[in-house]
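See below for the structure under consideration.
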Amino acid sequence: MKNLSFKIDIYASAKKVWQVLWNDVTYREWTSAFHEGSYAVSDWKEGSDIQFLSPEGGGMYSIIEKSIPFEQMTFKHLGEIKNFEVQKPTNGEATWGDVKEAYTLKEENGHTLLEVSLDSLEEYQDYFKGVFPKALNLVKELSENPLMLTVEAVIEAPVEKIWEYWTAPEHIVKWNHASDDWHTTKAENDLRAGGKFVSRMEAKDGSFGFDFGGKHTEVKAHKRIVSTLDDGRILKVTFKMQGNVTKVVEEFEAEVENSIELQQGGWQMILNNFKAYVEAN
């Protein structure tokens with residue numbers, strides 16, 4: 001067994017790199033360097049089990065030995081998986097002994113140094129030396145560029161009605177919430193390139209609230225709205241009439257405070273509320 005080490009400098013925050021490494025959407029992208037369709041099954045918490053799998057059902061079963069958000073993730077690999085079944089030895093001991101794979105992130109002046117240290121059997125060392133740099137370059141590319149997420153809905157209404165309900169403040173306050181315990185108390189929308197918009201979103205119990213807003217950079221009636229949010233992220237909304245229905249597609253740049261799954265789920269729920277509101281009125 002030999003310890004291998006790989007390093008790469010990434011022009012992004014440690015939070016962004018961490019997100020790219022361990023969120024399901026981007027994890028599948030950078031691990032495609034090892035095997036197309038690779039994925040992991042875990043809650044990603046320290047002490048939890050994790051399975052690294054290929055679409056064919058092969059892979060490894062491991063334990064997350066250490067997880068310090070934005071700083072370190074260490075896996076202890078225990079053995080193999082074949083046909084989606086863990087190959088545990090009869091004596092109950094780990095097949096591979098004390099085999100570890102550690103990811104360390106160090107942020108300084110807007111850059112993050114990502115270092116990977118792993119134990120490898122001799123027959124796999126040349127493979128890892130060839131493929132790990134490719135995988136880390138994918139992490140770098142994903143981290144240094146905007147990560148765009150997409151939600152969409154097909155709505156039974158003409159695009160003219162949908163445009164009005166999407167853009168008029170008196171309608172926005174009726175549908176702009178992800179759950180019933182939240183609401184939008186006020187909305188403003190200067191619908192033109194350079195115009196500003198803002199929605200005041202609050203918990204109904206008064207415990208929390210925030211302003212969600214930005215500036216429009218492109219407005220094409222009944223077709224597209226492109227905006228820059230107050231935190232610098234990009235939002236694109238397109239409207240396409242398809243026969244008697246209209247397809248609404250939102251593309252938005254992910255933020256780093258919440259998981260990709262949570263963000264995508266929340267935006268989809270708001271869009272679902274919009275669909276229900278339009279179709280009911």
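For clarity, every value in this text was computed on a predicted model and none was experimentally measured. Numbers for residues simply follow the sequence, beginning at 1.
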Query raised in the report: How would you list, by chain and number, every residue that makes a side chain to side chain donor-acceptor pair (under 3.5 Å) with T228, sequence neighbours excluded?
Result: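 Side chain to side chain donor-acceptor pair (under 3.5 Å) list for T228, sorted by chain: empty.
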**Report entry** For D205, all residues meeting side chain to side chain donor-acceptor pair (under 3.5 Å), sequence neighbours excluded
**Finding:**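 By the side chain to side chain donor-acceptor pair (under 3.5 Å) rule, D205 matches S207.
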When rounded to the nearest 0.5 angstrom, what is the spacing between [atom1] in [X] and [atom2] in [Y]?
{"X": "I162", "Y": "I155", "atom1": "CD1", "atom2": "CD1", "answer": "4.0 Å"}
{"X": "L21", "Y": "W44", "atom1": "CG", "atom2": "CH2", "answer": "8.5 Å"}
{"X": "E101", "Y": "T74", "atom1": "CD", "atom2": "OG1", "answer": "9.5 Å"}
{"X": "M201", "Y": "W182", "atom1": "CE", "atom2": "CH2", "answer": "7.5 Å"}
{"X": "T104", "Y": "K7", "atom1": "OG1", "atom2": "NZ", "answer": "10.0 Å"}
{"X": "D180", "Y": "M269", "atom1": "CG", "atom2": "CE", "answer": "10.5 Å"}

Just to verify, what does [X] make a salt bridge (charged side-chain N to carboxylate O under 4.0 Å, His left out) with, not counting sequence neighbours?
{"X": "E46", "value": "none"}
{"X": "D230", "value": "none"}
{"X": "D190", "value": "R192"}
{"X": "K275", "value": "E279"}

Requested in this report: Kindly work out whether a path of hydrophobic side-chain contacts (I/L/V/M/F/W/Y, heavy atoms less than 4.5 Å apart) joins V131 to L121.
Outcome: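 Yes, it is one cluster - the side chains of V131 and L121 are joined through contacts under 4.5 Å.
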Query raised in the report: Are L262 and I270 connected in the hydrophobic side-chain network, where two residues link if heavy atoms are under 4.5 Å apart?
Result: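 The answer is no; the residues belong to distinct hydrophobic clusters.
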Kindly indicate whether the side chain of [X], heavy atoms from C-beta on, has any atom under 4.5 Å from the side chain of [Y].
{"X": "H177", "Y": "N273", "value": "yes"}
{"X": "K66", "Y": "M73", "value": "no"}
{"X": "I8", "Y": "V116", "value": "no"}
{"X": "S67", "Y": "Q72", "value": "no"}
{"X": "L105", "Y": "E107", "value": "no"}

On a heavy-atom basis, which atom in [X] and which in [Y] lie closest, and how many Å separate them?
{"X": "I50", "Y": "A40", "value": "CD1-CB, 4.2 Å"}
{"X": "A203", "Y": "H183", "value": "O-NE2, 4.4 Å"}
{"X": "I172", "Y": "S199", "value": "CG2-OG, 3.8 Å"}
{"X": "T112", "Y": "V17", "value": "CB-CG2, 4.1 Å"}
{"X": "N281", "Y": "Y277", "value": "ND2-O, 2.6 Å"}
{"X": "Y61", "Y": "Q87", "value": "OH-O, 3.9 Å"}

Taking atom [atom1] as the centre, does [X] end up with more than 12 heavy-atom neighbours from other residues, nucleotides or ligands that are less than 6.0 angstrom away?
{"X": "D231", "atom1": "CG", "result": "yes"}
{"X": "D43", "atom1": "CG", "result": "yes"}
{"X": "E156", "atom1": "CD", "result": "no"}
{"X": "E85", "atom1": "CD", "result": "no"}
{"X": "E108", "atom1": "CD", "result": "no"}

Distance-only donor-acceptor pairs under 3.5 Å for side chains of residues 210-218, two or more places apart:
{"residue": "D211", "atom": "OD1", "partner": "R200", "partner atom": "NH1", "Å": "3.3"}
{"residue": "H216", "atom": "ND1", "partner": "S227", "partner atom": "OG", "Å": "2.9"}
{"residue": "H216", "atom": "NE2", "partner": "N189", "partner atom": "OD1", "Å": "2.8"}
{"residue": "T217", "atom": "OG1", "partner": "V226", "partner atom": "O", "Å": "3.1"}
{"residue": "E218", "atom": "OE2", "partner": "R224", "partner atom": "NE", "Å": "3.0"}
{"residue": "E218", "atom": "OE2", "partner": "R224", "partner atom": "NH2", "Å": "2.6"}

Report summary line: Y103 meets the ring-ring contact (aromatic ring centres under 6.0 Å, His included) criterion, sequence neighbours left out, with W22
Requested in this report: Tell me, please, which residues at least two apart from Y124 pass ring-ring contact (aromatic ring centres under 6.0 Å, His included).
Outcome: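 Per chain and number, Y124 pairs via ring-ring contact (aromatic ring centres under 6.0 Å, His included) with no residue.
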Go through the side-chain N and O atoms of [X] and [Y] and say whether any donor and acceptor fall under 3.5 Å apart.
{"X": "S62", "Y": "H77", "answer": "yes"}
{"X": "E115", "Y": "S5", "answer": "yes"}
{"X": "N3", "Y": "S117", "answer": "yes"}
{"X": "E36", "Y": "S38", "answer": "no"}
{"X": "N23", "Y": "S259", "answer": "no"}

Quick check against the 3.5 Å criterion: does [X] have a side-chain atom that pairs as donor or acceptor with the backbone of [Y]?
{"X": "S32", "Y": "H35", "result": "no"}
{"X": "T26", "Y": "V20", "result": "yes"}
{"X": "D119", "Y": "K100", "result": "yes"}
{"X": "Q19", "Y": "I260", "result": "no"}

Query raised in the report: Less than 4.0 Å between a side-chain N and a carboxylate O, is that true for E188 and K186?
Result: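 The answer is yes: the pair qualifies as a salt bridge.
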Query raised in the report: Does the pair F128 and F6 meet the rule for a ring pair (Phe, Tyr, Trp, His ring centres under 6.0 Å), with working shown?
Result: CA-CA 10 Å; F128 285 132; F6 305 93; 7.9 Å; no
Side-chain donor-acceptor pairs of residues 243-257 under 3.5 Å, sequence neighbours excluded:
{"residue": "T246", "atom": "OG1", "partner": "A157", "partner atom": "O", "Å": "2.8"}
{"residue": "T246", "atom": "OG1", "partner": "V159", "partner atom": "N", "Å": "3.3"}
{"residue": "E253", "atom": "OE1", "partner": "I234", "partner atom": "N", "Å": "3.3"}
{"residue": "E255", "atom": "OE1", "partner": "E257", "partner atom": "N", "Å": "2.6"}
{"residue": "E255", "atom": "OE1", "partner": "N258", "partner atom": "N", "Å": "3.0"}
{"residue": "E255", "atom": "OE2", "partner": "N258", "partner atom": "ND2", "Å": "2.9"}
{"residue": "E257", "atom": "OE1", "partner": "K15", "partner atom": "NZ", "Å": "3.3"}
{"residue": "E257", "atom": "OE2", "partner": "K15", "partner atom": "NZ", "Å": "3.1"}

Anything under 3.5 Å between a donor and an acceptor, one on a side chain of residues 134-151, the other on a protein residue two or more places apart or in another chain? List them.
{"residue": "N137", "atom": "ND2", "partner": "P133", "partner atom": "O", "Å": "3.1"}
{"residue": "K140", "atom": "NZ", "partner": "D9", "partner atom": "O", "Å": "2.8"}
{"residue": "K140", "atom": "NZ", "partner": "E144", "partner atom": "OE2", "Å": "2.8"}
{"residue": "S143", "atom": "OG", "partner": "V139", "partner atom": "O", "Å": "2.7"}
{"residue": "E144", "atom": "OE2", "partner": "Y11", "partner atom": "N", "Å": "2.7"}
{"residue": "N145", "atom": "ND2", "partner": "E141", "partner atom": "O", "Å": "2.8"}

Query raised in the report: Taking the six-membered ring for Trp, are F52 and F75 ring centroids under 6.0 Å apart?
Result: yes
Query - Sequence neighbours excluded - side-chain hydrogen bond (donor to acceptor under 3.5 Å, both in side chains) pairs with any residue from residues 158-169 - result: none
